[in-house]
Amino acid sequence: MIFRLLALFALLLPSASLAQGRAEIERTMRRATQYMVERVADHGGYVWTYLPDLSRRWGEMEAEPGMLWVQAPGTATMGHLFLDAFNATGDAYYYDAAARAADALVAGQHRSGGWNYFIHRGGPVAARRWYATIGRNGWRLEEFQHYSDNATFDDAGTAETMQLLLRLYMVRHEPRFRPPLDRAIAFVLRSQYPNGGWPQRWPYGPQYPAYQRLITFNDDVAKENIRFLIMAGQALERPALLRAARRGMEIFLATQGRAPQAGWGLQYDMRLNVAGARTYEPRALVTHTTAANVEQLMEFYRLTGERRFLEHVPDALAWLASVRLPDGVGPADRRFPTFVQLGTNRPLYNHRRGSNVVNGRYWQDHDPARPIAHYSQFRGIDLDRLRREHDRLAAMPVAEATRGSPLLERRPFPRFFILDGLAAGSDFSGAARLDPRAIVRDLNEEGWWPAPLTMTSHPYRGPGRRRIAPGDFATTQVGDETDTSPFPDPSPATGISTATYIANMARLIGALQGRR
C-alpha cells in the first residue's frame, strides 16, 4: 500500500524536477547566467561556441573578438531566453541581461533598419577585413564570401531581433527600445515587394550578387516576416502591419506551380519565374520548401478562414508524391530529392570538384552517387501527415479552424518565446527531454555547462591556392587547409555553447512552470 501511495504522490508532482526544490533550480539558473553575462558576453553580445579560455570562438564561421552573432542561437536568442527566465522568476537580473543583449544588437543595427549575419564592433573596416580573409575562403559558405553593405532576412536573424525588441518594449515600455523597433518595422515594410514577397537582402545594388534581390522562401524569409508583422500589428495596435502580413500571404499563392509540377522553388524573379541562387542552388523546384509552403498555406487558412489557401494544397501533395525516390536511392529516412528539374520532374543532384574556393567548382546532374555533403541532397517529408492535416482542416467548420486567430481576435502577448517555440529561427523543443536533475548536477564549478564542440574550422592561413590539393573533397564538409568552412571535429574539444546553455535553461524554466 505504501508503494502505491508513493507512486500516486509522484504522479501528482507538477514536475519531477521540483522534487529537488525550486530554490536549487533558481540558484543553478542564476549561476549559469552570471557566467554567460559577466564572463562570456562581449558588451552584451554572443556568438555560438567558445573554447573555455575564449581564445577561439565560432558563429556559423570562426569569429574574431569583437564580433557578435545575430543568427540563432546567437545574441537575440540569448535575449529571448533571458526574458523567459525573467518571466519565470521575476528576477530583474535576467531582464537586465536581455536589455544588454538588445543594446548590443541596436548598436549594430544597419541604417536600413535590419541586421546582417553578425555585428563587428570594430566597424566596417574590421568587418571588411573578416570578409576578405575568413569569409572569402569558406568554400561552401558563399553568402560570407563578399561584404554587402545591407541587411538580411536570411536565417531569421533580423526576425528574431525584431521580436526581442518588441518583447522588451511590451514588458516595460522603455522608450529607448521603440525607435530601433520602429526602424526595423519600417525595414520590413519598405523592402516588401508590391506582390507581397520579400528579397533575401535589402537594399540591394548591382555590386552585390543578383540573388539578393530575388523573392525568397529559403530559410523561412516570408514566413517569419509575416509572423512578426502579425505579432507587432496586434501588440502595437497597427492595422497596417496586419494588412502587410496579408499581402505577404499572397506570394505563396502566386508562385505555386500548376499541376503536374505544383511545387515551389527557393526563390523567384520579378516575373515570378523560379530562379537559382548560390551555385549549389539551381533553378529548380524544391521538395522541402514545397512541404514548408504547404504548412504555411494551412496556417494561413487557420488565420483567415479563406478556403483559397487550401485549394491547391492537394496539387502540391500530389507533386511531392510523384517525385518520391525509389527504394535504394538516398538514405532510407530521406526519400525525396532536394531539387527537381523544371519540366522533366527528374531529380537534380549537386556535386563538386577541387579543394578550395579558388580551384573548386560545383555542378548538377541526375546521378545520385557522391553528392555534396554540406547541403543535403535528400529530404525527409512526412507526406501522410500533411495529407491528414489538410483533410482535417478541409472538413472542419471555418469558425473552428480560425478559433484564436490573431488576425480575427485580440490575443494576449506571449510570455515565453524559447519555451513555447515562438523565437524565430530557434528550435529548442528537444530540451523537454532533458533531465533537470542532471542539468543541475552538470553545471561545473566555474558556472558553465561543458559541451562537446562538434564543429571546428581551419584557422585562416592565407588565400586558397590554384593548385588542387591531394585528396578527395567531393563529399566532405571542408576542403584543404585553406578552406575556413566549419566541419565536424573527429575529436571534439569541450567548450562553452550558447545552444547548450539555452536548452538547459529552457528545461529548468519549464520545470519552474510545472511542465514535464
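When all heavy atoms of Tyr208 and Pro203 are compared, the closest pair comes out as CE1-O, 4.4 Å. Residues Pro326 and Arg335 approach most closely at O-NH2, 2.6 Å, considering heavy atoms. Of all the heavy atoms in Gly276 and Leu214, the pair that sits closest is O-CD1, 3.3 Å. When every heavy atom of Glu306 is checked against every heavy atom of Tyr301, the shortest pair comes out as O-CD1, 3.3 Å. The heavy-atom pair separating Ser457 from Glu62 by the smallest distance is OG-OE1, 3.5 Å. Here the closest non-hydrogen pair linking Leu348 and Ala284 is CD1-CB, 4.1 Å.
More than 12 heavy-atom neighbours from other residues, nucleotides or ligands sit within 6.0 angstrom of CZ on Arg308. Annotation: Arg346, atom CZ; neighbour count of heavy atoms from other residues, nucleotides and ligands within 6.0 Å does not exceed 12. Heavy-atom neighbours of Arg258 CZ from other residues, nucleotides or ligands within 6.0 Å: above the threshold of 12. Environment of CZ in Arg433: sparse, with no more than 12 heavy atoms of neighbouring residues, nucleotides or ligands closer than 6.0 Å.
Between the side chain of Gln234 and the main chain of Arg411, a donor-acceptor pair closer than 3.5 Å is present. Thr475 places no side-chain N or O within donor-acceptor distance of the main-chain N or O of Ala373, the cut-off being under 3.5 Å. Looking only at distances, a side-chain donor or acceptor of His80 sits under 3.5 Å from a matching main-chain atom of Glu160. Panel note: side chain Thr338, backbone Ser376; a donor-acceptor pair is recorded below 3.5 Å. When atom types are taken as modelled, the side chain of Glu481 and the backbone of Arg461 share no donor-acceptor pair closer than 3.5 angstrom. Formation of a donor-acceptor pair under 3.5 Å by the Arg278 side chain with backbone atoms of Glu142 is not found in this model. In this structure, the side chain of His366 engages the main chain of Pro347 through a donor-acceptor pair within 3.5 Å. Of the possible donor and acceptor atoms, one in the side chain of Thr152 sits under 3.5 Å from a partner among the backbone N and O of Gln200. Judged purely by atom type and a 3.5 angstrom limit, Thr287 uses its side chain to pair as donor or acceptor with the backbone of Pro337. Checked by atom type and distance alone, the side chain of Gln145 pairs as donor or acceptor with a backbone atom of Trp139 at under 3.5 Å.
Note: Phe187 and Phe153 have tilted aromatic rings, judged against thresholds of 30 and 60 degrees for the angle between ring planes. Aromatic ring orientation, Phe378 versus Tyr349: tilted (interplanar angle from 30° to 60°). Below 30°, between 30° and 60°, or above 60°: for Tyr280 and His374 the angle between ring planes is above 60°, a perpendicular geometry. Ring planes of Tyr193 and Tyr204: tilted class, angle from 30 to 60°. Between Phe118 and His120, the ring planes lie perpendicular to each other; the angle is over 60°, past the 30° to 60° tilted range.
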Open item on the list: Quick one, Met162 with Thr158, criterion side chain to side chain contact (heavy atoms under 4.5 Å, CB included). Give me CA distance, side-chain angles, the key distance, then yes/no.
Closed with: CA-CA 6 Å; Met162 295 189 297; Thr158 287; 4.0 Å; yes
TODO: Apply side chain to side chain contact (heavy atoms under 4.5 Å, CB included) to Trp115 and Gln109, showing your working.
DONE: CA-CA 5 Å; Trp115 282 265; Gln109 186 175 23; 3.4 Å; yes
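Between the side chains of His110 and Asn116, not a single donor N or O lies within less than 3.5 Å of an accepting N or O. Looking at Tyr50 and Arg57, their side chains never bring a donor and an acceptor atom within 3.5 Å of each other. A donor atom on one side chain and an acceptor atom on the other are found under 3.5 Å apart for Gln261 and Asn345. Between the side chains of Gln71 and Glu60, at least one donor-acceptor pair of N or O atoms lies under 3.5 Å. Between the side chains of Thr290 and Trp319, no donor N or O sits under 3.5 Å from an acceptor N or O. Side-chain contact check for His458 and Asp480: no donor-acceptor pair (N or O, by modelled atom type) lies under 3.5 Å. Residues Tyr117 and Asp154 bring a donor and an acceptor atom of their side chains to less than 3.5 Å of each other.
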Donor-acceptor contacts, no H, no angles, side chain residues 395-408, under 3.5 Å, sequence neighbours left out:
unit_1	atom_1	unit_2	atom_2	d
Thr402	OG1	Val398	O	2.9
Ser405	OG	Leu303	O	2.6
Ser405	OG	Leu407	N	3.2

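Looking at Arg140 and Tyr362, their side chains come closer than 4.5 Å, going by heavy atoms from C-beta outward. No side-chain heavy atom of Leu241 sits less than 4.5 Å from a side-chain heavy atom of Phe228. Taking 4.5 Å as the limit, every side-chain heavy atom of Met249 sits out of range of all side-chain heavy atoms of Leu297. Residues Gln256 and Asn293 are not in side-chain contact: their nearest non-hydrogen atoms beyond the backbone lie 4.5 Å or more apart. Two residues are said to be in side-chain contact when any heavy atoms from C-beta on lie closer than 4.5 Å; Ile468 and Phe473 fail this criterion. With contacts defined as side-chain heavy-atom distances shorter than 4.5 Å, the pair Leu453/Trp48 does not qualify. In this structure, Leu166 and Leu236 have side chains that are in contact, with non-hydrogen atoms separated by less than 4.5 Å. Annotation: side chain of Val274 is in contact with side chain of Tyr268 (closest heavy-atom distance under 4.5 Å).
The pair Arg247-Glu250 does not count as a salt bridge, with every side-chain nitrogen at least 4.0 angstrom from each carboxylate oxygen. Taking 4.0 Å as the cut-off between side-chain N and carboxylate O, Arg167 and Asp84 count as a salt-bridged pair. A salt bridge links Arg111 with Asp149: the closest approach of a Lys/Arg side-chain nitrogen to an acidic carboxylate oxygen falls below 4.0 angstrom. The pair Arg387-Asp384 counts as a salt bridge, with a side-chain nitrogen and a carboxylate oxygen less than 4.0 angstrom apart. Of the charged side-chain nitrogens involved, at least one lies within less than 4.0 Å of a carboxylate oxygen, so that Arg129 and Glu64 count as a salt-bridged pair. In summary, Glu224 and Arg227 engage in a salt bridge, as defined by a charged side-chain N under 4.0 Å from a carboxylate O.
In this structure, OG1 in Thr500 is found 13.0 Å from CE in Met505, a value given to the nearest 0.5 Å. With values rounded to the nearest 0.5 angstrom, Asn137 atom CG is found 6.0 Å from Thr482 atom OG1. Summarising the geometry, atom OG1 belonging to Thr279 is positioned 7.5 Å from atom CG belonging to Asn350; distances are rounded to the nearest 0.5 Å. Between Arg238 atom CZ and Arg243 atom CZ the span is 10.5 Å, to the nearest 0.5 Å. Here the CZ-OG1 distance, from Phe217 to Thr255, works out to 3.5 Å after rounding to the nearest 0.5 Å. One finds the CG atom of Leu393 at 13.5 Å from the CZ atom of Phe309 (value rounded to the nearest 0.5 Å).
With sequence neighbours excluded, the residues that form a side-chain contact (heavy atoms from CB on, under 4.5 Å) with Pro314 are His390.
Remark: Arg190 fails to qualify as a cation-pi partner of Trp202 under the 6.0 Å distance and 45° angle criteria applied to the six-membered ring.
Among residues at least two apart or in separate chains, side-chain hydrogen bond (donor to acceptor under 3.5 Å, both in side chains) pairs with a member in residues 210-221 are Ser148-Gln212, Asn150-Gln212, Asn218-Glu281.
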